[in-house]
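Letters A, B, ... are given to chains in the order of the sequence lines, protein chains preceding strands, and every chain is numbered from 1. The structure displayed is predicted, hence computed values, not measured ones.
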Amino acid sequence: MFRSHTCGELRTEHIGHEVTLAGWVHRRRDHGELIFLDLRDRYGITQVVFDSITAMAHKVAEESRSEYVLQIRGRVRARPAEAVNPHLGTGTIEVEALEAQVLNPSRTTPIYIAQEGGEDEMIRLKYRYLDLRRERMQRNLILRHRVIKFMRDFLDEEGFLEIETPILIKSTPEGARDYLVPSRVHPGKFYALPQSPQQLKQLLMVAGYDRYFQVARCFRDEDLRADRQPEFTQLDMEMSFVDQEDVIQLIERLFIELCRAVVPHKHVPTPFPRLTYAEALARYGSDKPDLRYGLELINLSDLLMATPFQVFQQALANGGEVKGLCIPGCGSYSRKQIDELTEFAKIGGARGLAWAIVPADGGEVRSSFGKNLGEGEMSAIVERMAAQPGDLLLIVADQPTVVAAALDRLRREFAQRLKLADPNTLNFSWVLDFPLVEWNEDEARWDAVHHPFTAPQDADMHLMATDPGKVRAKAYDLVLNGYEAGGGSIRIHRRDVQQQLFDLLGITPELAQAQFGHMLEAFEYGAPPHGGIAPGIDRIVMILADESTIREVMAFPKTQQAVDLMTAAPSPVDERQLKELHINLR
RNA sequence: GGACCCGUGGUGUAGCGGUUAACAUGUGGCCCUGUCAAGGCCAAGAGCGCGGGUUCGAAUCCCGUCGGGUCCGCCA
């Protein structure tokens with residue numbers, strides 16, 4: 001044994017004990033004849049004192065530098081009252097070194113472990129094994145472990161079985177771009193890495209494993225974002241003989257209890273608020289609204305049906321809408337600031353931004369468009385938006401999707417600027433009644449919004465043939481503080497309904513057979529009604545950890561170009577490897 | 001594919017047409033028995049991501065390129 005205790009373990013009760021510690025030199029305070037070393041491991045920090053009387057040990061301390069790995073035998077003693085360190089768990093004691101040896105020296109590290117952050121993320125990722133020594137990353141990875149452990153224990157208690165599914169699976173052109181793995185044995189053929197174990201978990205339902213889950217690694221070859229990595233982890237789940245409400249109830253209990261266990265200082269409003277997809281878009285411009293604050297979109301369309309203002313009039317005439325946000329207390333914004341907001345809205349697709357200011361001193365409303373309005377329209381707008389003196393009104397007129405995108409951006413921007421979102425609230429919510437399909441302009445066809453196995457709502461079945469865009473799906477998203485934290489659905493278990501949907505999606509029987517033949521066949525052998533959900537573990541842990549990127553809760557993440565800076569993956573391979581795989585590079 | 005931001009000793013920053021390229025921290029040496037971001041003294045360490053251009057003169061301006069980030073597209 002290299003150690004008798006960890007560096008976070010010793011307390012007053014250990015005083016007088018002889019102990020052996022091993023760890024890294026966190027900091028060194030060299031007073032000449034007396035040297036203090038903070039020895040660190042992942043459990044904590046213990047102060048070790050080297051007196052020159054114990055000459056051999058003292059010499060080791062003298063030669064040691066940051067991040068040297070040391071083993072120290074010593075005696076635990078109380079610190080003098082004035083030398084107690086309240087910031088350390090071990091702060092009431094110290095270890096008087098009797099014997100010490102360097103297990104391994106360290107070069108000067110490119111990042112300083114004892115001091116948090118500040119440096120370019122590039123350097124942290126290149127030397128991730130050093131970055132991971134730091135408290136922040138340890139805290140995040142420990143939290144992640146606790147979250148996953150809680151999920152496993154909870155679902156085990158609920159009768160779920162964790163079943164592994166293959167990583168090498170069949171590629172299907174639906175959805176995200178697949179990562180492909182060439183087959184050596186079958187020239188010209190490829191496996192795909194799973195975007196999620198979707199089909200496999202449904203087949204497990206057919207197989208009678210009526211409560212399945214998996215902490216599943218998923219792969220999507222799409223461009224990265226702060227909350228998107230090419231490989232990520234989902235709590236993949238599926239249940240038989242359930243409806244939407246059963247899934248929702250179970251997940252709600254899971255997250256309420258999880259948060260109580262791992263982040264007890266956070267406030268979780270319950271029950272989780274529920275919004276329909278249509279309502280979420282109408283009120284917040286997003287299907288994943290942050291409900292920690294209001295700042296809702298206000299519809300002005302009906303007030304302006306007869307407006308002489310061309311921009312509004314045309315938008316309404318073309319089936320669009322006019323909506324706005326009332327930003328409290330921002331009436332003092334300058335033209336330059338408003339111009340910047342306009343540019344910001346344009347990123348969201350808006351062609352422009354109409355603004356109005358209700359002066360704080362109660363004077364006339366100033367605006368970019370007031371002179372174009374008809375009689376009484378401005379006062380109607382101010383009244384509808386409940387604008388108070390000192391408020392800024394921002395208005396977008398366009399097609400509903402554009403209005404929603406632009407105002408959603410502005411809503412989130414102002415929530416940040418005005419600090420409207422309480423960082424210690426976890427606002428889980430459900431967004432329900434997603435459309436089953438949406439019209440794809442480019443390809444001129446209907447696409448599945450969720451995936452092609454999602455069941456339509458019974459009440460909307462009659463619209464399948466006549467007005468498919470209006471059919472709602474038995475699909476639901478779990479939203480947390482403005483992030484999509486998970487999505488799921490009740491699946492189609494009847495062959496005839498599946499056929500109807502394939503017809504709608506333009507998937508011919510031949511194509512269906514080639515791509516999903518195994519699924520269709522399986523469903524002919526007694527598929528139970530089933531459904532599930534897949535919460536995104538990285539995103540949820542990110543939010544629980546108060547981080548703003550999922551890289552901070554992953555041990556070895558990739559850059560925006562999907563590169564691992566530490567190992568330099570991806571990398572070229574030997575000609576011989578390519579040859580074995582029957583691959584010629586173009 | 002596109003927009004924007006960033007790139008200066010090991011690390012973090014300053015410098016924004018003429019500086020011996022500044023500061024902090026870390027690093028090396030010396031001194032120091034109660035520190036915990038220990039302290040004091042001394043020293044070394046970058047030619048400014050890379051390549052071109054403009055200029056008498058470029059870290060500073062321009063063009064390109066590489067790398068990192070945020071976002072749009074994309075993500076059933």
### Query
Roughly how far apart, to the nearest Å, are B:A58 and B:C31 at atom P?
47 Å
### Query
Considering only the P atoms, how many Å lie between B:G53 and B:G10, rounded to the nearest integer?
28 Å
### Message
Ignoring hydrogens and geometry beyond distance, is a side-chain donor-acceptor pair present between A:Glu33 and A:His58 at under 3.5 Å?
### Response
no
### Query
Looking for any heavy atom pair under 4.0 Å, which part of the strands does A:Val49 touch: base, sugar-phosphate only, or nothing?
nothing
### Axial cation check for A:Tyr68 ring with A:Arg65, 6.0 Å and 45° limits
no
### Message
For A:Lys288, is there any backbone N or O sitting under 3.5 Å from a side-chain donor or acceptor partner on A:Ser286?
### Response
yes
### Query
What interatomic distance, in whole Å, is found between P of B:C16 and the corresponding atom of B:G73?
39 Å
### A:Asp30 CG - B:G34 P separation (whole Å)
13 Å
### Query
Would one find more than 12 heavy atoms of other residues, nucleotides or ligands at under 6.0 Å from atom OH of A:Tyr179?
yes
### Message
Once you apply a heavy-atom cut-off of 4.0 Å, does A:Pro80 come out as touching a base, just sugar-phosphate, or nothing?
### Response
base
### Task
Sequence neighbours left out, what passes side chain to side chain contact (heavy atoms under 4.5 Å, CB included) with A:Ile347? Give chain and number order.
A:Arg409
### Task
May I ask you to check whether over 12 heavy atoms, not counting those of A:Arg494, lie within 6.0 Å of atom CZ?
no
### Task
Describe, in one word, how the ring planes of A:Tyr277 and A:Phe434 are oriented to each other, choosing from parallel (under 30°), tilted (30 to 60°) and perpendicular (over 60°).
tilted
### Query
Hey, does A:Gln199 reach any base, or is it just sugar-phosphate, or nothing, if we go heavy atoms under 4.0 Å?
nothing
### Task
Name every residue in residues 215-228 of chain A that has at least one heavy atom under 4.0 Å from any atom of RNA chain B, in order of residue number, or write none if there are no such residues.
A:Arg220, A:Glu222, A:Asp223, A:Arg225, A:Ala226, A:Arg228
### Summary
In numerical order, the residues of residues 513-520 of chain A whose heavy atoms come under 4.0 Å of RNA chain B are none
### Rounded distance in Å between the P positions of B:G9 and B:A21
15 Å
### Query
What integer number of Å spans the P atoms of B:A14 and B:C61?
14 Å
### Query
Closest approach of A:Ser64 and A:Val25, non-hydrogen atoms and distance?
CB-CG2, 4.3 Å
Would you mind writing out the side-chain donor-acceptor pairs for residues 89-96 of chain A within the sub-3.5 Å range, not counting sequence neighbours?
unit_1  : atom_1 : unit_2  : atom_2 : d
A:Thr90 : OG1    : A:Ile45 : O      : 2.5
A:Thr92 : OG1    : A:Thr12 : OG1    : 3.3
A:Glu94 : OE1    : A:Gln47 : NE2    : 3.1
A:Glu94 : OE2    : A:Arg77 : NE     : 2.9
A:Glu94 : OE2    : A:Arg77 : NH2    : 3.2

### Message
If we ignore hydrogens and angles and just use 3.5 Å, is the side chain of A:Asn140 paired with the main-chain N or O of A:Glu552 as donor and acceptor?
### Response
yes
### Query
Which of the following nucleotides, B:C36, B:G68, B:C32, is nearest to the side chain of A:Asp38?
B:C36
### Atom-to-atom span, CD1 of A:Ile93 to P of B:U35 - whole angstrom
18 Å
### Query
Is the ring of A:His31 stacked on the base of B:G39, with centres less than 5.5 Å apart and planes under 30° off?
no
#### Entry: Any donor-acceptor N/O pair under 3.5 Å between B:U35 base and A:Gln47 side chain
yes
### Query
Quantified in whole Å, what is the P atom distance between nucleotide B:C32 and nucleotide B:G17?
50 Å
### Query
Touch check for A:Thr454, heavy atoms < 4.0 angstrom, all strands: base, sugar-phosphate only, or nothing?
nothing
### Query
Closer than 4.0 Å, any side-chain N/O of A:Arg29 to the OP1 or OP2 of B:U35?
no
### Task
Check every strand shown and say whether A:Arg77 touches a base, only sugar-phosphate, or nothing at a heavy-atom separation below 4.0 Å.
base
### Task
Answer with base, sugar-phosphate or nothing: what part of the nucleic acid does A:Arg65 contact at a heavy-atom distance below 4.0 Å?
sugar-phosphate
### Task
Identify, residue by residue, the members of residues 551-561 of chain A with a heavy atom below 4.0 Å from RNA chain B, and return them in order of residue number, or none.
A:Arg551, A:Thr559, A:Gln560, A:Gln561
### Task
Sticking with atom P, work out how far B:U25 lies from B:G40, rounded to a whole angstrom.
9 Å
### Minimum heavy-atom distance A:Leu281-A:Asp287, with the two atoms named
CD1-N, 3.6 Å
### Query
Which atom names give the shortest non-hydrogen contact between A:Pro452 and A:Ala448, and what distance separates them?
N-CB, 3.9 Å
### Message
Heavy atoms within less than 4.0 Å of RNA chain B: which residues of residues 119-127 of chain A have one? Give them sorted by number.
### Response
A:Glu119, A:Asp120, A:Glu121, A:Met122, A:Ile123
### Task
Indicate whether the side chain of A:Thr6 and that of A:Asp41 have a donor and an acceptor atom separated by less than 3.5 Å.
no
### Most 5' of A:Thr108 and A:Arg27 on RNA chain B, judged by nearest nucleotide
A:Thr108
### Task
State whether the number of non-hydrogen atoms from other residues, nucleotides or ligands found under 6.0 Å of A:Arg136 atom CZ is greater than 12.
yes
### Task
Specify the glycosidic conformation (syn or anti) of B:G26, with syn defined as within 90° of 0.
anti
### Query
Got a donor-acceptor contact below 3.5 angstrom from the A:Glu119 side chain to the A:Ile111 backbone?
no
### Task
Report the nucleotide, chosen from B:C71, B:C36, B:U33, that has the shortest atom-to-atom distance to any side-chain atom of A:Glu33.
B:U33
### Query
Name the one of A:Gln202, A:Gln198, A:Gln214, A:Arg491 that satisfies side-chain hydrogen bond (donor to acceptor under 3.5 Å, both in side chains) with A:Glu238?
A:Arg491
### Nearest-Å distance once atom C1' is located in both B:U11 and B:A46
13 Å
